[in-house]
There are 4 protein chains.
Amino acid sequence: MPKKDEETQIQPPASSRATGEKYQRILDAAVAVFAEKGFHVARVADIASKAGVADGTVYLYFKNKEEILMSAINTAFDAFVNRARAELASIPSPPDKLRRLAHMHLSALGSNRNLAVVFQMELRQSARFLAPFSHEHMIEYLGLVREAIRQGQEQGFFRPDLNEKIAANCFFGALDEMVTSWVLASNEYPLEGTAEPVANVILHGLGK
Amino acid sequence: MPKKDEETQIQPPASSRATGEKYQRILDAAVAVFAEKGFHVARVADIASKAGVADGTVYLYFKNKEEILMSAINTAFDAFVNRARAELASIPSPPDKLRRLAHMHLSALGSNRNLAVVFQMELRQSARFLAPFSHEHMIEYLGLVREAIRQGQEQGFFRPDLNEKIAANCFFGALDEMVTSWVLASNEYPLEGTAEPVANVILHGLGK
Amino acid sequence: MPKKDEETQIQPPASSRATGEKYQRILDAAVAVFAEKGFHVARVADIASKAGVADGTVYLYFKNKEEILMSAINTAFDAFVNRARAELASIPSPPDKLRRLAHMHLSALGSNRNLAVVFQMELRQSARFLAPFSHEHMIEYLGLVREAIRQGQEQGFFRPDLNEKIAANCFFGALDEMVTSWVLASNEYPLEGTAEPVANVILHGLGK
Amino acid sequence: MPKKDEETQIQPPASSRATGEKYQRILDAAVAVFAEKGFHVARVADIASKAGVADGTVYLYFKNKEEILMSAINTAFDAFVNRARAELASIPSPPDKLRRLAHMHLSALGSNRNLAVVFQMELRQSARFLAPFSHEHMIEYLGLVREAIRQGQEQGFFRPDLNEKIAANCFFGALDEMVTSWVLASNEYPLEGTAEPVANVILHGLGK
DNA sequence: TATGAATGAGAGTTCATTCAT
DNA sequence: TATGAATGAACTCTCATTCAT
């Protein structure tokens with residue numbers, strides 16, 4: 001089980017000031033404000049104010065408002081995909097890989113509600129209208145899923161006739177919907193707790 | 001097989017039947033513009049221009065920009081849920097109900113790409129930040145799915161230990177991801193064509 | 001002798017509203033504000049306020065602040081050069097042409113102090129940093145001067161060994177400096193009144 | 001013939017002789033940046049960067065951005081007027097004085113294009129909107145010209161009926177226009193080379 | 001109903017200047 | 001002296017909405 005909080009910690013790029021302390025504060029504030037109001041309604045002044053810096057200071061760390069969102073998404077996504085790839089490498093069984101991914105996915109977003117809100121609410125828009133960089137991450141993530149499914153088919157765990165892309169979408173879509181549902185829910189419950197039943201349904205669905 | 005094009009036709013409210021033609025033109029233009037630029041970036045002037053009316057005319061039919069989006073979403077959602085409810089009533093087998101829903105879902109959005117884009121890109125935002133009315137539709141739709149699942153459990157088609165809400169999320173999430181994936185794809189393919197394999201995976205996953 | 005006030009009237013482009021009334025008010029206000037503060041220090045809000053319109057209204061008539069300045073300069077310059085060309089055509093004697101140009105030059109700017117200030121203070125900058133269009137006018141104007149000088153040389157009025165471009169610069173420079181000097185002077189005096197003595201010096205200087 | 005390069009060298013005030021080197025570097029950088037972008041568009045950071053110092057360092061030598069421009073203009077103007085006064089004192093003939101001034105004027109600016117650009121583009125603005133100190137220099141310079149003209153009239157070289165101020169403006173205006181024309185020209189040519197013909201025209205114009 | 005000119009609040013971004021180090 | 005991160009006031013331009021015609 002990964003340490004939850006660090007999982008989704010957003011890290012400053014190497015180019016930043018040594019400490020990155022203010023960078024981090026602005027990024028955290030931005031995620032909170034984006035989560036509360038949505039990217040377009042959020043004002044840079046809100047972010048600065050929440051981060052406890054002057055408006056202009058934001059622009060010492062980020063080129064513009066869009067870059068703040070992109071940084072938040074990309075950093076978290078990057079970290080997640082890298083951790084996921086590393087962990088999967090040490091798991092031989094394809095079904096176990098998917099089960100592990102389900103846990104990681106729901107744990108990562110379940111441990112940082114603001115980030116989860118931003119991912120569920122802004123990621124699709126950003127994939128379409130902002131830098132398509134974030135979409136690359138998505139493709140990479142789905143690539144991990146597809147790889148595991150392919151291996152599962154080869155090793156006889158999953159039905160070989162299933163279209164691998166559709167299967168991956170089912171897996172990802174189910175997890176994604178769990179997060180959306182959790183984000184929109186007013187009552188709090190541990191998101192990762194739903195990983196097993198979801199994995200169960202999908203793995204069973206993929207199996208023979 | 002449902003008649004595709006009419007499925008997602010947005011209907012004017014009874015009060016403006018007389019002028020329905022212009023109402024409809026504005027709504028269609030709005031969906032196209034929202035699909036192209038996203039709600040926040042779209043300008044009311046774009047919509048008016050695309051609808052071939054003056055800016056001010058838009059406000060004779062809609063209170064404000066937000067109401068245009070809400071009308072588009074609600075009208076389409078309403079129509080879809082009503083049709084879905086009606087169709088499901090005539091299908092006795094719970095698995096067949098879900099299979100039918102998958103077809104309707106993917107057919108409805110697959111037949112109107114602009115509307116699909118708006119649903120996939122704007123619905124979540126609107127559920128959170130705009131009138132939560134659209135979320136009601138979502139709950140209603142998921143209610144249909146849950147009902148079918150519950151019946152399937154009662155009738156022994158599906159595993160009785162599955163949490164019905166989670167199962168519904170898996171079903172809906174898988175379909176939703178197929179649409180998102182289709183919307184973001186550059187190459188064109190018939191969305192409804194993926195209904196069978198997706199239903200297959202999920203139904204198999206729910207089964208014993 | 002031309003009617004002074006109409007000489008420097010700035011006219012709206014054909015594309016404008018039929019009346020151009022507001023266009024004209026904004027342009028006049030802009031010239032006054034630019035004259036008072038200089039282009040960069042002048043705020044669009046100053047112009048709008050002085051014109052008695054809302055800030056946004058300015059942008060219904062001009063693309064941006066720079067275009068306001070360019071319009072003011074180009075319109076006045078255009079009108080001047082066209083009038084000058086027309087008048088010169090009816091004057092056979094080259095020295096009389098230059099004498100007439102001196103009067104027109106000083107009369108045009110002497111009848112609209114704000115415009116004169118803008119020309120003397122902003123024209124050079126605009127020639128360098130803004131659209132070089134205004135510089136084209138300058139070249140056109142100097143072309144008229146050079147043409148008259150060339151004719152004067154051919155007809156034996158002026159020394160044939162004088163470089164025509166340098167001679168034109170002397171003529172224009174002398175007039176220009178009279179305007180600058182008049183603009184910077186605190187005491188008021190009729191600018192056109194200096195046309196004769198200036199023309200006298202330069203024409204004498206060009207003569208044999 | 002004067003030594004060209006030193007002519008327009010900007011000197012630090014006595015108080016900062018010790019650190020004159022950095023003072024000078026900032027001033028030179030400022031002139032270059034002002035010449036390139038114009039005073040208002042130039043950023044202090046540009047100047048600091050070009051001078052190879054930190055932004056804050058600029059403020060150890062100058063009170064503000066405006067003072068940098070004023071210092072550059074005043075220092076160069078001061079040096080020029082002093083040299084001019086000294087040289088004229090040793091020239092007995094009024095026409096020769098003017099001829100010498102023409103050479104000095106065009107040589108001084110012709111030997112430092114950046115400074116020439118700043119003088120031609122920014123001096124008028126600064127005379128009006130910034131410290132009127134630079135205007136004092138102008139009056140002083142024109143005073144030298146007027147003095148020479150007056151002497152020329154008394155000694156019978158120039159027509160006695162000419163208004164001395166207008167005559168001085170013709171002289172200065174012609175030179176000034178030569179500089180402006182040279183600054184705006186894309187092709188390079190030695191500015192001082194135009195001193196003789198210009199002086200020729202004006203002196204002839206002033207003569208009997 | 002329909003128009004579209006006019007409004008004016010609002011937000012992102014820049015940059016001269018300061019000051020703790 | 002020198003630095004450069006931080007500040008925050010200021011300004012251009014946009015656009016949803018209104019209303020006189």
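Here the structure is a predicted model, which means the values were calculated and not measured. Every chain is numbered from 1 and lettered A, B, ... according to where its sequence line falls, protein lines coming before strand lines.
Among the nucleotides F:dT3, F:dA6, E:dA6, the one closest to any side-chain atom of D:Leu60 is F:dT3. Candidate nucleotides E:dG8, F:dA6, E:dA2 were compared by shortest atom distance to the side chain of C:Ala54, and E:dG8 ranks first.
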DNA chain E in dot-bracket form (Watson-Crick or G-U pairs under 3.5 Å, [ ] crossing, | inter-strand) is .||||||||||||||||||||

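Between the P atoms of F:dT21 and E:dT1, the separation comes to 22 Å (whole Å).
Between the CD1 atom of C:Ile26 and the P atom of E:dT7 there is a distance of 9 Å, rounded to whole Å. In this structure, C:Phe62 places its CZ atom 15 Å from P of E:dA5, rounding to the nearest Å. To the nearest angstrom, C1' of F:dC15 lies 16 Å from CD of B:Glu66.
Partner of B:Asn74 under the side-chain hydrogen bond (donor to acceptor under 3.5 Å, both in side chains) criterion, chosen from B:Glu136, B:Glu67, B:His137: B:His137.
A distance-only check finds no donor-acceptor pair linking the side chain of D:Thr57 to the backbone of D:Val53 [under 3.5 Å]. Side chain of B:Asp46 to backbone of B:Ala42: no donor-acceptor contact under 3.5 angstrom is found. Judged by distance alone, with hydrogens and angles left aside, the side-chain atoms of D:Gln125 form a donor-acceptor pair with the main-chain N or O of C:Met121 at under 3.5 Å. Under the 3.5 Å distance criterion, the side-chain polar atoms of C:Glu122 are matched with a main-chain donor or acceptor of C:Phe39.
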With 3.5 Å as the limit, what N/O pairs link the protein to nucleotides 10-12 of chain F?
unit_1	atom_1	unit_2	atom_2	d
F:dT12	OP1	C:Ala42	O	3.3
F:dT12	OP1	C:Lys65	NZ	3.2
F:dT12	OP2	C:Val44	N	3.2

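Taking the nucleotide of DNA chain F with the nearest heavy atom to each of D:Val53 and A:Thr57, the more 5' of the two is matched to D:Val53.
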